[in-house]
Amino acid sequence: MPATPPLRLTNTLSRSAETVEPAATAPDGRPLLRFYSCGPTVYSYAHIGNFRTFLTADLVVRTAAALGWAVRYVSNVTDVGHLTEDDVADGAGEDKMARALASKEGEAFENVWDLARHYTTALVEDWHALNLLEPDVRPRATEHVREQIEAVEGLVERGHAYETDDGVYFHVPSFPSYGALSGNRDAEGLVEGTREVVRDDAKRDPRDFALWKKDPGHLMQWFSPYGWGFPGWHLECSVMAQKYLGETIDLHGGGEDLRFPHHECEIAQAEALTGEPFSRYWMHTRFLQVEGEKMSKSKGNFLTVRDLTLAPEDGGREDWDAPLDPLALRLALVSGHYAKPFNLTRKTLSDAAKNRQRYVDADAATRDALEADRPGGDVLADALDAAYAEALAAMADDLNTPVALAAALRGAGDILKAHRAEPLSGASAHSARTFLDNVEALLGIVGAGAPAPPAEDDGLAGQVEALLVQRTEARAAKDWARADAIRDELDALGVEVMDTPSGPEWKRKA
RNA sequence: GUCCGGGUGGCGAAGUGGCUAACGCGGCGGUCUGCAAAACCGCUACCCGCGGGUUCGAUUCCCGCCCCGGACUCCA
């Protein structure tokens with residue numbers, strides 16, 4: 001048993017790959033990684049770019065677990081609406097959730113609470129569809145308002161925050177290391193201040209950001225010592241992270257856009273409050289591009305998980321060849337390194353679907369062989385052990401998914417190749433099972449085995465079988481013209497025929 | 001304007017101061033097949049954006065330039 005490799009990740013704080021060493025130990029003696037990953041605001045369906053970030057977090061958790069670590073993993077849901085822009089016509093900014101409610105899609109909901117609930121449920125559905133591990137805690141901002149108010153009070157008491165007619169603000173100059181994470185140290189360059197500012201002339205420094213916003217007109221509001229209003233966006237994450245993971249956590253992650261101001265502000269709040277370092281390592285996932293461009297609704301390349309994985313009649317995007325196997329989508333989204341920009345194209349998806357098939361086939365062959373339990377030696381153990389070790393080492397090396405995936409795919413290919421040469425023995429099948437289970441635990445791309453459930457019986461099967469019988473007769477009579485005519489007929493039905501030594505097989509064409 | 005990343009074969013994407021620049025897809029050739037499909041075997045970047053520099057030697061380090069993307073303002 002080779003020593004497990006150390007886990008290295010690119011730490012945004014140092015801008016270089018560092019060996020991650022959890023500060024704490026689990027009761028059973030294993031290293032304990034305390035990890036917080038920023039989740040989305042649930043004002044619409046999460047898009048695949050969001051999921052690239054969630055997938056990165058998922059791979060951290062899976063890799064740490066594969067290295068034998070214990071992990072406590074928290075990923076939040078932001079279900080409080082925050083402001084979109086402060087330069088809109090009325091100068092008041094707009095609440096994202098309120099805007100969503102007022103939109104066409106929002107007509108289906110009674111109020112913002114319903115809307116948030118709907119999209120939270122959808123988020124979790126998509127999360128599971130892509131085979132993401134469930135966090136140990138998935139806290140919601142609305143369920144931690146009391147803790148957030150307490151944090152505001154604490155910051156005011158310590159002189160890091162002050163109240164104005166419009167809200168309570170964190171005073172950035174009171175926290176000298178503000179800017180360390182993002183490099184945005186220059187106060188002059190940040191004249192317009194950060195979000196939720198919405199033009200409050202009473203702010204003492206343009207960089208000061210809202211901890212509490214007084215707004216009796218807000219669709220979600222709570223009572224606080226500062227009157228009715230709602231908490232600032234940055235506050236929820238630092239408060240919930242500390243509640244569930246402690247004053248100092250090991251690792252905090254999110255999309256690259258969160259580096260500033262969100263994470264910078266989280267650090268300021270949390271450390272000003274406790275006097276302790278907030279997170280020891282920070283990681284950020286680069287943005288996903290689609291067909292070489294940033295995703296945006298106006299470009300028509302804004303894609304959700306359901307756009308790609310549902311059949312067109314259920315809302316999938318026909319122009320993107322939906323439905324796609326969710327695990328093929330997962331495979332596509334992790335096929336590039338998280339710390340580099342990733343360009344997703346139609347080709348990426350079709351490539352992923354083909355690779356995904358290899359795992360499905362290897363899994364099926366393994367199940368059959370396990371059941372048959374043929375006698376014979378184990379011809380796979382050595383190759384598969386090596387492939388898995390390579391995949392694990394690659395993942396431990398800053399989540400090098402391209403290399404890990406290459407090794408895993410090679411292993412799956414080894415299984416299929418061996419099986420085709422000679423049906424797998426029980427011993428070989430056992431090694432294959434271990435390998436596939438390990439790859440599933442590490443990368444989540446093998447799945448539970450069964451691929452997408454077969455399409456409903458629409459009568460096609462019977463029709464196809466009947467035609468195949470005729471074709472088999474024609475072929476037996478060497479009437480190739482007729483055999484090919486029948487194949488064309490099947491082709492028109494969307495069926496592809498493959499002749500095998502044991503008779504014809506068929507499948508629906510993709 | 002300031003600050004980050006990235007530019008590697010037809011496409012996607014690793015990687016390294018010097019042995020044959022992973023892997024996948026595609027393409028090409030072959031085996032198999034009545035023909036196909038599938039599968040399998042083989043081939044597929046004299047070269048890593050451009051120009052300099054450091055070095056015995058750079059795709060890999062440094063400088064400049066060009067291009068792409070991102071942050072600085074809501075965004076994973």
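So you know, we letter chains A, B, ... as the sequences are listed, proteins then strands, and number each from 1.
No side-chain donor-acceptor contact under 3.5 Å links A/T366 and A/D368. For A/Q357 and A/D325, the side-chain atoms include no donor-acceptor pair closer than 3.5 Å. Residues A/E256 and A/T285 have side chains that never bring a donor and an acceptor to within less than 3.5 angstrom of each other. For A/D205 and A/Y169, the side-chain atoms include no donor-acceptor pair closer than 3.5 Å.
Between A/L258 atom CG and B/rG5 atom P the separation is 18 Å, expressed in whole Å. We find that CZ of A/R356 is positioned 16 Å from P of B/rC25, with the value rounded to whole Å. Between A/D484 atom CG and B/rC35 atom P the separation is 11 Å, expressed in whole Å. If you take CD of A/E266 and C1' of B/rA76, they are 13 Å apart, rounded to a whole angstrom. If you take CZ of A/R207 and C1' of B/rU2, they are 15 Å apart, rounded to a whole angstrom. Atom-to-atom, CG of A/D58 to P of B/rA76 comes out at 18 Å; the value is rounded to the nearest Å. What separates OH of A/Y359 from P of B/rG24 is a distance of 11 Å, to the nearest Å. To the nearest angstrom, P of B/rA22 lies 17 Å from CG of A/L409.
Nucleic acid contact class of A/D499 (heavy atoms, under 4.0 Å, all strands): base. Within the nucleic acid shown, A/R471 comes within 4.0 Å of at least one base atom, counting heavy atoms only. Among the protein residues, A/L344 comes within range of no part of the nucleic acid, since none of its heavy atoms lies under 4.0 Å from any strand. At the heavy-atom level, A/G254 lies under 4.0 Å from the strands shown only through sugar-phosphate atoms.
Between the C1' atoms of B/rU33 and B/rA39, the separation comes to 12 Å (whole Å). Taking atom C1' on both nucleotides, B/rA21 is separated from B/rU16 by 8 Å, rounded to a whole Å. Straight-line distance between the P atoms of B/rC11 and B/rA45: roughly 14 Å, to the nearest whole Å. Taking atom C1' on both B/rU55 and B/rU73, the two are 46 Å apart, rounded to the nearest angstrom. Comparing B/rG26 with B/rG64, their C1' atoms are spaced 38 Å from each other, to the whole Å. Taking atom P in both B/rA37 and B/rG27, one finds a spacing of 11 Å when rounded to whole Å. B/rG18 and B/rC48: their P atoms are spaced 15 Å apart (whole Å). As rounded to the nearest Å, B/rG12 and B/rU8 have C1' atoms that lie 12 Å from one another.
When distances run from any side-chain atom of A/P40 to the nucleotides B/rA76, B/rG24, B/rA37, the shortest one goes to B/rA76. When distances run from any side-chain atom of A/T348 to the nucleotides B/rA76, B/rG12, B/rC40, the shortest one goes to B/rG12. Comparing B/rA13, B/rC40, B/rC25 by their nearest atom to the side chain of A/N343 picks out B/rA13. Nearest to the side chain of A/T41, among B/rG34, B/rA76, B/rG24, sits B/rA76.
Judged by distance alone with a 3.5 Å cut-off, no donor-acceptor contact links the side chain of A/N400 to the base of B/rC23. One can find a donor-acceptor pair under 3.5 Å joining the base of B/rC35 and the side-chain atoms of A/R487. Residue-to-nucleotide contacts include no donor-acceptor pair under 3.5 Å from the side chain of A/H337 to the base of B/rA13.
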* Asked: What do the steps show when you test A/Y178 against A/F175 for ring-ring contact (aromatic ring centres under 6.0 Å, His included), and what is the final call?
  -> CA-CA 6 Å; A/Y178 186 84; A/F175 188 75; 7.3 Å; no
* Trace of the ring-ring contact (aromatic ring centres under 6.0 Å, His included) decision for A/F435 with A/Y388 -> CA-CA 7 Å; A/F435 172 78; A/Y388 177 71; 7.1 Å; no
* Audit row: A/T345, A/E291, side chain to side chain donor-acceptor pair (under 3.5 Å) steps and yes/no -> CA-CA 5 Å; A/T345 64; A/E291 301 284 6; 5.0 Å; no
Side-chain donor-acceptor pairs under 3.5 Å in residues 478-488 of chain A, sequence neighbours left out?
unit_1 : atom_1 : unit_2 : atom_2 : d
A/D479 : OD1    : A/R482 : N      : 3.2

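The side chain of A/K417 contributes an N or O atom lying less than 4.0 Å from OP1 or OP2 of B/rC41. Phosphate contact (OP1/OP2 of B/rG26, side-chain N/O of A/K354, threshold under 4.0 Å): present.
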* Asked: In B/S/- notation, 5' to 3', how is nucleotides 65-71 of chain B contacted by protein heavy atoms closer than 4.0 Å?
  -> ----BSS
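A 4.5 Å side-chain heavy-atom check between A/S335 and A/N355 finds every atom pair outside the cut-off.
Within the 6.0 Å centre-distance limit, the rings of A/Y45 and A/Y119 are counted as a close aromatic pair. Aromatic rings of A/H263 and A/H284 (six-membered ring for Trp) have centroids within the 6.0 Å cut-off, being under it.
For the pair A/R358 and A/K340, nearest-nucleotide mapping onto RNA chain B gives the more 5' position to A/K340. Between A/P402 and A/T53, the one whose closest nucleotide on RNA chain B sits nearer the 5' end is A/P402.
Listed by first residue number, the stems of RNA chain B with at least three Watson-Crick or G-U pairs below 3.5 Å are B:1-7 with B:66-72, B:10-12 with B:23-25, B:26-31 with B:39-44, B:49-53 with B:61-65.
One finds a salt bridge joining A/D58 and A/R330 here, because a Lys/Arg side-chain nitrogen approaches an Asp/Glu carboxylate oxygen to under 4.0 Å.
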